[in-house]
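Down below is the structure, laid out as structure tokens.
Atoms within each ligand, like the ligands themselves, are counted from 1 in listed order.
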Amino acid sequence: MTTFVNMFIQVKNLSKNYGKQSAVQDLNFRLEEGQIVGFLGPNGAGKSTTLKMMMGLIRPSDGSILIDGKDPQEQEVALKKQIGYLAENNPLYPDMYVREFLAFIGNIHQLRNLDQRIQEVIEWVGLQKEAHKKIQELSKGYQQRVGIAMAILHNPAILILDEPTSGLDPNQRAEIRDLIKSLQKDRIILFSSHILSEVEAICDRVLLLHQGKLVSDSPMKDIKDLEKFFKEKTS
Ligand code: ADP
């Protein structure tokens, strides 16, 4: 896989208001490659709003985001090539066959050598035995693998994974967790989850939002009990 050099995301004094409603207030953080960062907070804390601003989908009210030195608003298409996104609930096309779906996504990204790339990604996420099936015929765990295959197909430097293990059994969760870990090298992975044991197992660092503010930015190793920590900071 390609090695990305010094990829970073710099968020400075970032705020977003929806009318009078303040969704995000004065966020400051920097993400570097090689990290899996847990992006946590109670519902309504401002996580989706922040992610949407990172993807260039909505405009900040104040402050800035630079991804690899570029403004997502101005570089939306170029930056989309750098970002892989697995949305909450992993929306897929259930009627499509796995390879057909990945070819559809690869064509959107205008990838060259697409058949070869699809084969590589299928092997990487462990879908070889299921790749001949329709998506709707797969178990939830394998559907998540299709979602991850979709997110990494264009080899992005940044992966944003929104609740990638929700609805999976413990074995499937462990498998997806290993898969995400294997993608860590040279990438920035932003991982949003309400399953705190999951975050403890996988993340190097935790950003915790509460009522639109960043209430903690800590290395995972400094947090003894994430559940207790989460409660203390957000209640
Ligand atoms: P989270 O992803 O952490 O659950 P959100 O970013 O979705 O939080 O929401 C943060 C706050 O902004 C909430 O109070 C929510 O109601 C509000 N909000 C989000 N989107 C909109 C919108 N399009 N219009 C008005 N308010 C919004």
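Note on I195: it does not cluster hydrophobically with F39, by side-chain heavy-atom contacts below 4.5 Å among ILVMFWY residues.
Within a 4.0 Å radius of atom 15 (C) of ligand 1, the protein contributes no non-hydrogen atoms.
Proximity of Q21 to ligand 1, defined as any heavy-atom pair under 4.0 Å, is confined to the side chain (atoms from C-beta onward).
Donor-acceptor pairing under 3.5 Å is recorded for the side chains of Y18 and T49. Side chains of Q184 and D204: a donor on one and an acceptor on the other come within 3.5 Å.
D68 places no side-chain N or O within donor-acceptor distance of the main-chain N or O of M7, the cut-off being under 3.5 Å.
The 12-atom threshold is exceeded at NZ of K140, counting heavy atoms of other residues, nucleotides or ligands nearer than 6.0 Å.
Not a single heavy atom of S22 sits under 4.0 Å from any atom of ligand 1.
For the pairing with V199, the side-chain contact (heavy atoms from CB on, under 4.5 Å) check across I36, L40, V37 returns one residue only, L40.
The closest protein non-hydrogen atom to atom 23 (N) of ligand 1 is Y18 CE2, 3.7 Å. Among all protein heavy atoms, the one lying closest to atom 8 (O) of ligand 1 is G46 N, 3.1 Å. Looking only at protein heavy atoms, the nearest one to atom 12 (O) of ligand 1 is A23 CB, 3.3 Å. The protein atom (non-hydrogen) at minimum distance from atom 5 (P) of ligand 1 is T49 OG1, 3.7 Å. Among protein heavy atoms, the minimum distance from atom 13 (C) of ligand 1 is reached at G44 O, 3.8 Å.
For ligand 1, none of its N or O atoms has an N or O atom of N43 under 3.5 Å away.
Remark: R145 qualifies as a cation-pi partner of Y142 under the 6.0 Å distance and 45° angle criteria applied to the six-membered ring.
Of all the atoms in ligand 1, the ones that sit under 4.0 Å from a non-hydrogen atom of A45 are 1 (P), 3 (O), 8 (O). Short contacts between ligand 1 and P42, defined as distances under 4.0 Å to a heavy atom of the residue, involve ligand atoms 3 (O).
Residues V146 and L127 meet the side-chain proximity criterion, which asks for heavy atoms closer than 4.5 Å.
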